Amino acid sequence: MEHILGKLNLAQREAVVHTKGPCMIIAGAGSGKTRVLTYRIAYLMEKEGVDPFNILSLTFTNKAAREMKHRVGVVVGNSESQNLWMGTFHSVFARILRAEASKIGYPSNFTIYDSEDAKKLIGNIVKEKGLDKDIYKTKTLAGRISSLKNNLITPKMYERFPELREQDEQSQTPKFKEVYQTYCERCFKSGAMDFDDLLLKTNELLATYPTVLAKYQDRFRYIMVDEYQDTNHSQYIIVKALASRFENICVVGDDAQSIYAFRGANIRNILNFQKDYPDAKTFKLEQNYRSTKNIVSAANSLIANNKNQLEKDVWTENDSGEKIIVHKSLNENQEAFYVAERIIDFKNNQDANFGQSAVLYRTNAQTRALEEALRKKGIPYRIYGGLSFYQRKEIKDLLAYLRLAINQKDEEAFRRVINYPARGIGATTIDKIVHLANERDQSIWEIAENIQFFGNTFNRGADIKIANFVRKIENYANMVKSGLPADEIAEEIAKNSGLMPELAKDKTPEGVSRYENLQELMASIKDFVENQKNAEEGDPSLENFLSEIALITDSDTQTDEDEPAVSLMTIHQAKGLEFPFVYIVGMEENLFPNIMTLTSRADLEEERRLFYVALTRAEKQVYLTYCQTRYRWGKLNANEPSRFLDEIEDKYLQFEVPEFSPFDQGNPRLFGAPNSLDKPPLPKKKSMAAKNNEEQQGTGGAYAVNRKNLRPLTKSEPEGTKDTVTLKPNERVIHEKFGRGLVISVEGTGPNAKATIRFEKAGEKTLLMKFARVRKLG
DNA sequence: ATTTTACAAATTTTT
DNA sequence: TTTGTAAAAT
């Protein structure tokens, strides 16, 4: 243990050994926060003999939890670290809620609705109530419901805040409360909780049952909360309740990195910690181990523009490093090519592998140009975010069947699959069931189960079809009850439901990909079952599988075992990560800071913190790029450079501003260059580069994913490094996955050609040559 | 009951 | 530009 403490600086060491009573660790970017948290837990266990069962450590991603558990394991040994309560707020409290579910009237196998389920349900309710969907927008309603729940305002309590009703009347949605209330009732009837419920219901549980509260207070004698600046009110109250007995609470965060206020995170939680716990000790980790002096200073000079922050002084002993390059491009394609060229330069001249570069952007829409440029240059890349594996339709379809097998009342799962694959049960029939359910205050399933009593309500034959569907689901439920492992049940359901055969029919490349995704899911269930069977107290049941994956997201499943690739992600997703070379693209007004957020000073400050997060991801070199013009929603826009560029002190920057045209004359910095609208009209024709790129477009990497063990990340095919194979009928080929095959026919030419190939093992497939990993044989 | 066509919307999202 | 949803047509 001593040798570990020796690896820490003074502030870090103090934070580690201060174990009794409340404390707050303000951890500047790159200041070794994770190290402190890890060692603190290890110190508690090793030095103070605290039982890991008594330590609760809350993180914001499963990945962070897993990593920390691993790192603690390295210090204290795995068998002990396994017993720590470590995870996200949602996963830890979902676990507790399952154990205590009966107390609040839920089944312990309750479903967790994801945002899509929630939005669909809201949309249905709006429709049922005959409200105008253009005014009652599901997205807006979902956001409002979420924000109310995160502030612990239930439909009942809504009445107590007249300003809420006023707001709803202002926004032309006076019936909001009814929608909210119905939404909650329907979730309850379905035995379902949405993400926010996991926190809200935990609060209800702890507030209603003092014995339950006491039990968990006693269990969690030491509580640690990471990323405290991004906790919302609901989380804050849970932590406060649990910690109130022993007050051994340690929160870690950096107010300068709070970037989730738009999702209900309350920065005051961290700003007011000292008020909540007057005895709290504050530690500041101010030495940055990550970045060069230049980057640290630049980031400091930027964040100094924010009014509302805790005082701290981040510094580093690292080299001063290179200045930040600010580069202007004509348009987003040139910007992307510039980035691609720099990445190649670094690889060639600094021996940096591709994994050391990251391209960060404000919005996902910016990926397209970047992808094209990287692909053209043959640079391997990985896109984080976008449509996650578990959000794909085919995956959600099978999961819906699995969910129904466990909880038949799950309305969203029911609606999703009752007519998929098609069983001739249409919208009218479903509407009638829903109507009956609402009328009789029952769940949809209860109506469907007893459909024979309502026979005359339905069209001839419809009741029979429903009864057949019900019988199917009951069979699945019986398989669950008989205790079969998850993989066997899933396999049977995939076939028996008709889902697998349905997908197998589709021979388009997209269809094939969907089928493969389904196979991937099946494989992952098998993996899960294997792991559970090998584990000491493993549970290979379907219930356990579903509860495990309900809270998993893409960023949790990232791995780095593959060949090094450039990372492409939004700045939000980059939080907590670090890279030697960071490119922040789209540094333009309206894009970053984003115009949609700029309604208040607080919003601008959050955008600035976002930029701060982006800058501080970098270890060695930062590039900031912006464009003179950019296509956005099909229109060419001319934006000024981001105000944030002005906010970094000039001495940390080096401007690289090529002259494109007479427009920029006479302004050496080209800042604030009048972007007057009376410029000569831009040529309608796209540049050659843009034209060439168009041929390369398509679904891109999206379907070219080689997904081993549930790796939902999009991975590029470096097209520049691989010539598209031109095939002729009767040629023999070998495919990475399908093995040997014989070309039957070819349609089209070049990368857009489609070849039908009969594989020895996998049968006949039609492949798009652009994506297919085939080689000619002989 | 399914497929086609037309039209609107479009930031960030650890759960 | 793309993407998704709703009305219209089969």
Side-chain angles (χ1 to χ4, degrees), chain A residues 58-65 87-94 112-115 118-120 123 127 133-134 137-139 142-143 146 149-150 193-199 226-227 229-232 234-235 257 259-265 332 360-369 384-388 390-391 393 419-420 422-430 459 462 465 550-556 558 569-577 586 590-599 603 606-607 609-611 613-614 630-637 686 690 694 697 699:
Chain A
L58 296 167
T59 60
F60 269 76
T61 60
N62 295 300
K63 193 182 146 223
T88 60
F89 273 90
H90 292 81
S91 64
V92 166
F93 295 115
I112 296 174
Y113 275 177
D114 67 12
S115 335
K119 274 184 215 146
K120 279 191 172 165
K127 208 179 201 174
K133 62 171 172 43
D134 293 327
K137 292 186 179 148
T138 51
K139 219 178 142 185
S146 171
K149 283 188 176 177
N150 285 328
M193 295 197 199
D194 63 21
F195 289 141
D196 306 312
D197 280 334
L198 296 174
L199 307 173
D226 194 7
E227 307 283 12
Q229 76 281 357
D230 283 328
T231 50
N232 61 37
S234 190
Q235 292 165 325
Q257 293 185 63
I259 54 174
Y260 282 100
F262 73 96
R263 276 186 82 203
E332 71 269 29
L360 309 182
Y361 35 81
R362 179 64 236 264
T363 69
N364 281 126
Q366 288 165 257
T367 53
R368 233 189 55 215
Y384 294 75
L387 189 62
S388 95
Y390 290 105
Q391 288 172 329
K393 185 183 176 304
N419 198 32
Y420 185 77
R423 298 189 176 86
I425 305 173
T428 329
T429 309
I430 295 170
N459 290 337
K465 289 173 190 159
L551 298 168
I552 276 187
T553 53
D554 266 10
S555 38
D556 297 324
Q558 82 184 43
M569 61 182 88
T570 63
I571 302 168
H572 283 90
Q573 286 164 329
K575 187 171 164 192
L577 305 177
N590 300 330
L591 185 59
F592 192 24
N594 196 278
I595 190 161
M596 304 304 284
T597 64
L598 292 186
T599 50
D603 291 335
E606 175 146 320
E607 290 283 295
R609 289 193 295 269
L610 194 56
F611 186 34
V613 168
R630 174 184 297 275
Y631 271 99
R632 224 181 162 193
W633 302 327
K635 276 207 198 90
L636 197 59
N637 291 92
K686 290 187 186 167
E694 270 162 18
Q697 275 182 27
T699 37

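In what follows, every chain begins at residue 1, and chains take the letters A, B, ... in the order their sequences are listed. No experiment lies behind these values; they were computed from the predicted model shown.
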Anything under 3.5 Å between a protein N or O and an N or O of nucleotides 8-12 of chain B, put it in a table, one pair a line.
from: B:dT11; atom 1: O2; to: A:N594; atom 2: OD1; distance (Å): 3.2
from: B:dT12; atom 1: OP1; to: A:N364; atom 2: OD1; distance (Å): 3.4
from: B:dT12; atom 1: O4'; to: A:R362; atom 2: NH2; distance (Å): 3.0
from: B:dT12; atom 1: N1; to: A:R362; atom 2: NH2; distance (Å): 3.4
from: B:dT12; atom 1: O2; to: A:R362; atom 2: NH2; distance (Å): 2.7

Identify each atom pair where a protein N or O and an N or O of nucleotides 3-7 of chain B are less than 3.5 Å apart, giving names and distance.
none

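Applying the side-chain contact (heavy atoms from CB on, under 4.5 Å) criterion to A:A118, with sequence neighbours excluded, gives A:Y183. When the side-chain contact (heavy atoms from CB on, under 4.5 Å) test is applied to A:A65, the partners found at least two apart in sequence or on another chain are A:T59, A:M86. Applying the salt bridge (charged side-chain N to carboxylate O under 4.0 Å, His left out) test to A:K393 and every residue at least two apart in sequence or in another chain returns A:D397. Checked against ring-ring contact (aromatic ring centres under 6.0 Å, His included), A:F89 has the following partners two or more places apart in sequence or in another chain: A:F60. A search for salt bridge (charged side-chain N to carboxylate O under 4.0 Å, His left out) contacts involving A:R362 returns A:E607, not counting sequence neighbours. Under the rule for a ring-ring contact (aromatic ring centres under 6.0 Å, His included), the partners of A:F592 that lie at least two apart in sequence or sit in another chain are A:F611, A:F644. Applying the salt bridge (charged side-chain N to carboxylate O under 4.0 Å, His left out) criterion to A:K119, with sequence neighbours excluded, gives no partner residue. Annotation: side-chain contact (heavy atoms from CB on, under 4.5 Å) contacts of A:S115 (sequence neighbours excluded): A:F195. Residues meeting the salt bridge (charged side-chain N to carboxylate O under 4.0 Å, His left out) test with A:D196, sequence neighbours left out: none.
One atom, CG of A:L551, and another, P of B:dT13, lie 18 Å apart when rounded to the nearest Å. Rounded to an integer number of Å, the gap from A:F195 CZ to B:dT13 C1' is 11 Å. The nearest whole Å value for the distance from the CZ atom in A:R263 to the C1' atom in B:dT13 is 4 Å. Rounded to an integer number of Å, the gap from A:Q391 CD to B:dT14 C1' is 13 Å. Rounded to whole Å, atom P of C:dT5 lies 12 Å from atom NZ of A:K393. Note: OH (A:Y384) to C1' (B:dT13) measures 18 Å, nearest angstrom. Rounded to an integer number of Å, the gap from NZ of A:K133 to C1' of C:dT5 is 8 Å. For A:K127 and C:dT5, the NZ to P distance is 11 Å, given to the nearest whole Å.
Not a single donor-acceptor pair under 3.5 Å links the side chain of A:N419 to the backbone N or O of A:A422. With hydrogens and angles ignored, the 3.5 Å screen pairs a side-chain donor or acceptor of A:E606 with a backbone N or O of A:A261.
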Please convert DNA chain B into dot-bracket. A pair counts if it is Watson-Crick or G-U wobble with both distances under 3.5 Å; crossing pairs go in [ ] and bases paired with another strand get |.
||||||||||.....

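Mapped onto DNA chain B by nearest heavy atom, A:I571 and A:R423 fall at different nucleotides, with A:R423 at the one closer to the 5' end. Sequence order on DNA chain B of the closest nucleotides to A:A422 and A:T231 puts A:A422 first from the 5' end.
Counting non-hydrogen atoms under 4.0 angstrom, A:G576 reaches nothing in the nucleic acid.
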